[in-house]
> 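Take a look at this one; I'll ask things after.
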Amino acid sequence: MKAASICTNGQTGCHFISLANLFDRVIQHSARMHGISNDLHSEFELYFLPSKNQIGRVSHNCHTSTILTPNGKENAQRIAREELTEVILKLLVAWRDPLWHFHQDMAQHHEFNNFSSNKSLEMSDMVHELRKGVQKVVEKMQMLGIISPSIGNLGTPEALLTSDSAEWRLMNDYDLLYCFRRDSNKIQHYLKILKCRIVPEHGC
């Protein structure tokens, strides 16, 4: 029942993939994205914050703070599937522009090695790819009647950015990395919770 075509009508060579497998793909992708954010955060501390005293001075005023997110596993399990899906997509959309501009900033720093600069670009690309993957999961859930079709417009920046689009520019680069590491961890956990609520028979 929970198998869905991954191609559009009329395509030849179409094959079917289970919803559980689609979830596994986006969860694995989100885990890699969070891992890169951890690596980059550590690299940033090494290059730009040599003093241990500075590391504690982190602003927690993230530009995504206006996006209401459930605290803890129990709260995330309580909210509706549509609402949890919407939170995931809102977070992904909100990080599109900040991460791209962060990569541009990192390219200006000669102290920041090419390996780390490339990581910042990879992180930006991964957000874009993960958003497309989550949207594909949403489409399959809607096709199978698991969630309402009323969230069909999710994932577009115009529909989801609840804060001023330039608000993230007020954060410094270290704060931005801190906030993204936090949000990418949330995304990974929310995807796991959503999968276990919808296809609990597959590894939950």
Side-chain angles (χ1 to χ4, degrees), residues 22-41 58-103 119-142 147-148 150-171 173-198:
L22 279 175
F23 265 115
D24 287 341
R25 291 183 183 190
V26 294
I27 289 169
Q28 290 167 9
H29 193 87
S30 68
R32 289 194 298 271
M33 185 178 73
H34 180 59
I36 291 175
S37 74
N38 269 324
D39 291 345
L40 205 52
H41 188 267
V58 177
S59 168
H60 293 257
N61 186 26
C62 303
H63 77 290
T64 54
S65 61
T66 55
I67 300 174
L68 298 180
T69 59
N71 291 321
K73 183 177 180 180
E74 290 184 1
N75 288 327
Q77 288 173 329
R78 288 193 191 102
I79 69 174
R81 296 165 174 173
E82 288 86 352
E83 189 176 348
L84 189 57
T85 303
E86 182 176 353
V87 167
I88 293 167
L89 284 169
K90 279 184 175 181
L91 289 172
L92 289 169
V93 170
W95 278 106
R96 185 193 60 174
D97 289 344
L99 288 179
W100 169 249
H101 286 280
F102 172 74
H103 166 67
K119 274 180 180 275
S120 68
L121 178 60
E122 184 180 2
M123 199 165 62
S124 176
D125 290 340
M126 289 188 83
V127 167
H128 175 69
E129 291 302 317
L130 183 58
R131 181 164 62 92
K132 290 198 299 184
V134 173
Q135 286 177 310
K136 180 62 68 176
V137 171
V138 169
E139 290 169 8
K140 300 311 176 190
M141 289 194 293
Q142 290 174 331
I147 62 174
S148 167
S150 63
I151 60 172
N153 291 327
L154 285 179
T156 59
E158 296 78 11
L160 294 181
L161 284 181
T162 55
S163 60
D164 184 85
S165 60
E167 186 179 346
W168 53 268
R169 293 181 184 273
L170 300 177
M171 296 190 294
D173 289 333
Y174 182 77
D175 292 344
L176 185 143
L177 272 180
Y178 171 87
C179 292
F180 180 69
R181 186 179 64 165
R182 183 202 67 175
D183 286 350
S184 64
N185 188 50
K186 286 184 179 182
I187 290 167
Q188 181 182 357
H189 285 297
Y190 294 162
L191 284 170
K192 289 178 179 179
I193 290 169
L194 194 59
K195 177 198 171 185
C196 287
R197 290 180 61 183
I198 293 172

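Residue numbers start at 1 and run along the sequence shown.
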> Specify the closest pair of heavy atoms between Leu40 and Phe102, including all atoms of both residues, with the distance to one decimal.
CD2-CE2, 3.7 Å
> Find out whether Cys179 and Trp95 are in side-chain contact, i.e. whether some heavy atom of one side chain is under 4.5 Å from a heavy atom of the other.
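Answer yes - side chains close enough.
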> For Gln77, does its backbone N or O pair with a side-chain atom of Arg197 as donor and acceptor, under 3.5 Å?
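Judged by distance alone, yes, a pair lies under 3.5 Å.
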> Does a side-chain heavy-atom distance below 4.5 Å link Glu129 with Lys132?
yes
> Shortest non-hydrogen contact from Val26 to Leu191?
O-CD1, 3.9 Å
> Atom CG of Asp125 and atom CG of Leu130: how far apart are they, to the nearest 0.5 Å?
12.5 Å
> From His34 NE2 over to Asp39 CG, what is the distance, rounded to the nearest 0.5 angstrom?
10.0 Å
> Within the 4.5 Å heavy-atom criterion, are Met123 and Leu177 side-chain neighbours or not?
yes
> With side chains defined as the heavy atoms from C-beta onward, is the minimum distance between Thr69 and Thr64 less than 4.5 Å?
no
> Using 0.5 Å steps for rounding, measure from the CD1 atom of Ile36 to the OG atom of Ser184.
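Here the rounded value is 10.0 Å.
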> Supply the atom-to-atom distance Phe180 CZ to Asp175 CG, rounded to the nearest 0.5 angstrom.
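Phe180 CZ to Asp175 CG: 15.5 Å, rounded to 0.5 Å.
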> Give me the atom names and distance for the closest heavy-atom approach of Arg81 to Leu194.
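It is O-CD1, 4.0 Å.
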> How about Arg182 and Asn185: does a side-chain donor come under 3.5 Å of a side-chain acceptor?
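The answer is no; no qualifying pair exists.
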> According to ring-ring contact (aromatic ring centres under 6.0 Å, His included), who are the partners of His41, at least two apart in sequence or on a separate chain?
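Checked His41 against ring-ring contact (aromatic ring centres under 6.0 Å, His included); matches are Tyr174.
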> Within this structure, what is the OG-CG distance for the pair Ser37 and Leu176, rounded to the nearest 0.5 Å?
11.0 Å
> Please report the closest heavy-atom contact between Ile79 and Pro70, naming both atoms and the distance.
CD1-CG, 4.0 Å
> To check you understand the geometry: which heavy-atom pair defines the closest contact between Ile193 and Ala76, and what is its length?
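That would be CD1-CB, 3.5 Å.
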> Please check: side-chain N/O of Glu82 versus main-chain N/O of Ser148, any donor-acceptor pairing under 3.5 Å?
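Present.
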> Between Lys136 and Glu139, is there a side-chain heavy-atom distance shorter than 4.5 Å?
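The answer is yes; the side chains approach within 4.5 Å.
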> Between Glu122 and Lys119, is the salt bridge (charged side-chain N to carboxylate O under 4.0 Å, His left out) condition met? List the steps.
CA-CA 5 Å; Glu122 184 180 2; Lys119 274 180 180 275; 6.0 Å; no
> Using the test side-chain hydrogen bond (donor to acceptor under 3.5 Å, both in side chains), find all partners of Arg32 that sit at least two apart in sequence or belong to another chain.
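side-chain hydrogen bond (donor to acceptor under 3.5 Å, both in side chains) check on Arg32 returns His29.
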> Where is the tightest heavy-atom contact between Ala94 and His63, given as atom of each residue plus distance?
O-NE2, 2.9 Å
> Given side chains that start at C-beta, do those of Arg96 and Arg131 come closer than 4.5 Å, heavy atoms only?
yes
> Quick one: are Arg78 and Asn75 in side-chain contact, heavy atoms under 4.5 Å?
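Touching, per the 4.5 Å side-chain cut-off.
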> Applying side-chain contact (heavy atoms from CB on, under 4.5 Å), run through Phe23 and Lys140 and close with a yes or a no.
CA-CA 11 Å; Phe23 265 115; Lys140 300 311 176 190; over 6 Å; no
> Starting at NZ of Lys90, measure out to CG of Asp183 and round the result to the nearest 0.5 Å.
13.5 Å
